[in-house]
Enquirer: 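One structure, as structure tokens, below. Some questions next.
Every value quoted in this text rests on a predicted model; they were computed, and no experiment measured them. All heavy atoms count here, side chains included; hydrogens, waters and symmetry mates do not.
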Amino acid sequence: SQPDVLAALLAVLGDAGTVLSYDEDRSFAALSLGRFGSVGSSRLDWSGVEVLHRSPAFDGDGLRGLLRGLSRPDELAVVFWSNLAVPSLALEVGLVARHAEAILECCFACWVYLADSGSLIEFQDGEGFTAGRVPE
């Protein structure tokens with residue numbers, strides 16, 4: 001939905017971020033998003049899941065605050081967007097925090113999977129963030 005924003009983000013990240021192949025995307029999704037039920041077409045069902053934090057914020061500062069509380073800066077993060085035309089990215093949490101505004105501008109909804117801590121952050125534009133443990 002924002003190809004210029006995504007192109008700028010990818011240019012800034014350079015080799016520090018990896019655009020995931022379809023198979024890589026599906027593998028990471030199976031470890032994270034795929035373990036949740038859904039509500040509607042693009043929302044996760046958080047019932048029965050350990051929710052760590054909910055925030056009405058929907059900006060870069062809100063995402064950075066969650067990342068600081070849930071992860072280490074060098075932890076692997078995978079960013080998924082609601083628009084399947086936008087490729088998923090794997091990068092360090094510190095880079096997600098540094099480029100939080102650009103990440104949130106790419107689509108109206110996105111998810112950040114924190115691979116080492118087994119947590120997931122859901123972002124819905126205008127509604128804020130939900131963070132919780134990925135179900136086993």
Side-chain angles (χ1 to χ4, degrees):
S1 64
Q2 301 286 336
D4 53 330
V5 173
L6 181 61
L9 175 62
L10 292 173
V12 168
L13 292 175
D15 293 339
T18 301
V19 175
L20 298 181
S21 69
Y22 175 80
D23 290 337
E24 292 167 330
D25 174 272
R26 295 298 78 205
S27 293
F28 279 111
L31 296 171
S32 58
L33 296 173
R35 294 188 177 176
F36 288 82
S38 64
V39 175
S41 63
S42 67
R43 296 180 194 288
L44 299 180
D45 182 359
W46 290 91
S47 60
V49 174
E50 181 185 358
V51 174
L52 301 171
H53 191 77
R54 291 187 194 270
S55 170
F58 51 97
D59 59 11
D61 287 337
L63 179 55
R64 276 188 285 280
L66 283 172
L67 293 170
R68 274 192 303 274
L70 297 173
S71 63
R72 297 180 331 272
D74 63 341
E75 182 173 348
L76 175 66
V78 177
V79 181
F80 301 93
W81 284 278
S82 60
N83 183 341
L84 297 178
V86 179
S88 297
L89 297 177
L91 61 163
E92 288 185 348
V93 166
L95 288 170
V96 174
R98 189 173 312 138
H99 301 287
E101 286 82 8
I103 288 170
L104 298 178
E105 285 180 32
C106 288
C107 289
F108 67 90
C110 70
W111 299 267
V112 179
Y113 171 53
L114 305 171
D116 296 339
S117 65
S119 300
L120 185 76
I121 300 169
E122 178 177 42
F123 168 72
Q124 296 285 334
D125 191 21
E127 296 180 24
F129 297 97
T130 302
R133 300 267 180 239
V134 174
E136 292 293 322

Enquirer: Atom CD of Gln124 and atom OG of Ser42: how far apart are they, to the nearest 0.5 Å?
Expert: 5.0 Å
Enquirer: Taking atom CG of Leu76 and atom CG of Leu114, what is their separation to the nearest 0.5 Å?
Expert: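 One gets 9.0 Å once the value is rounded to the nearest 0.5 Å.
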Enquirer: Should Tyr113 and Val96 be regarded as members of a common hydrophobic cluster, given that ILVMFWY residues are connected when their side-chain heavy atoms come within less than 4.5 Å of each other, either directly or indirectly?
Expert: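 Per the 4.5 Å side-chain linkage, Tyr113 and Val96 are not co-clustered.
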Enquirer: Side-chain atoms of residues 125-136: list all donor-acceptor pairs with protein atoms under 3.5 Å, sequence neighbours left out, distances to 0.1 Å.
Expert:
residue: Glu127; atom: OE1; partner: Arg43; partner atom: NH1; Å: 3.0
residue: Glu127; atom: OE2; partner: Arg43; partner atom: NH1; Å: 3.4
residue: Glu127; atom: OE2; partner: Arg43; partner atom: NH2; Å: 2.9
residue: Thr130; atom: OG1; partner: Arg54; partner atom: NH1; Å: 3.4
residue: Arg133; atom: NH1; partner: Ser119; partner atom: OG; Å: 2.9

Enquirer: Over all heavy atoms of both residues, which pair between Ala77 and Val93 is shortest? Give the atoms and the distance, please.
Expert: CB-CG2, 3.9 Å
Enquirer: Taking all non-hydrogen atoms of both residues into account, name the closest pair between Leu20 and Ala90 and its distance.
Expert: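 Shortest heavy-atom contact: CD2-CB, 3.8 Å.
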Enquirer: Look up atom CH2 in Trp81 and atom CG in Leu89, then write down how far apart they are to the nearest 0.5 Å.
Expert: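 One finds 4.0 Å between CH2 of Trp81 and CG of Leu89.
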Enquirer: With distance as the sole test, does Glu122 use its side chain to make a donor-acceptor pair with the main-chain N or O of Ala109 at under 3.5 Å?
Expert: no
Enquirer: Which atoms form the tightest heavy-atom contact between Glu92 and Pro73, and what is the distance?
Expert: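 Closest approach of Glu92 to Pro73: CB-O, 3.7 Å.
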Enquirer: Do Trp111 and Leu95 share a hydrophobic cluster, counting only Ile, Leu, Val, Met, Phe, Trp and Tyr and linking them when any side-chain heavy atoms are less than 4.5 Å apart?
Expert: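 In one cluster: no.
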Enquirer: Can you sort out the partners of Ser21 under side-chain contact (heavy atoms from CB on, under 4.5 Å), two or more places apart, ordered by chain and number?
Expert: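 For Ser21 the side-chain contact (heavy atoms from CB on, under 4.5 Å) partners, ignoring immediate neighbours, are Asp23, Glu24.
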Enquirer: Identify the two heavy atoms, one from Ala57 and one from Gly62, that lie closest to each other, and give their separation to 0.1 Å.
Expert: CB-CA, 4.0 Å
Enquirer: Do Val112 and Leu70 sit in one hydrophobic cluster, given that two such residues count as connected whenever their side-chain heavy atoms are within less than 4.5 Å of each other, even indirectly?
Expert: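 Linked within one cluster.
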Enquirer: Any ring-ring contact (aromatic ring centres under 6.0 Å, His included) involving residues 22-41? Give me the pairs, sequence neighbours left out, ordered by first then second residue.
Expert: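 Those involving residues 22-41 are Phe36-Trp46.
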Enquirer: Quick one: OG on Ser55 to CG on Leu63, what's the gap to the nearest 0.5 Å?
Expert: 10.0 Å
Enquirer: Same cluster or not: Phe58 versus Phe80, using hydrophobic residues (I, L, V, M, F, W, Y) connected whenever any side-chain heavy atoms lie under 4.5 Å apart?
Expert: no
Enquirer: Determine yes or no for a side-chain-to-main-chain donor-acceptor pair under 3.5 angstrom, with Glu75 supplying the side chain and Asp116 the backbone.
Expert: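 Here the side-chain-to-backbone pair exists.
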Enquirer: Any chain of hydrophobic side-chain contacts (each under 4.5 Å) joining Val49 to Leu120?
Expert: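 In one cluster with Val49: Leu120, yes.
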Enquirer: Can you tell me how far the CG atom of Leu44 sits from the CZ atom of Arg35, to the nearest 0.5 Å?
Expert: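 Here the interatomic distance stands at 13.5 Å.
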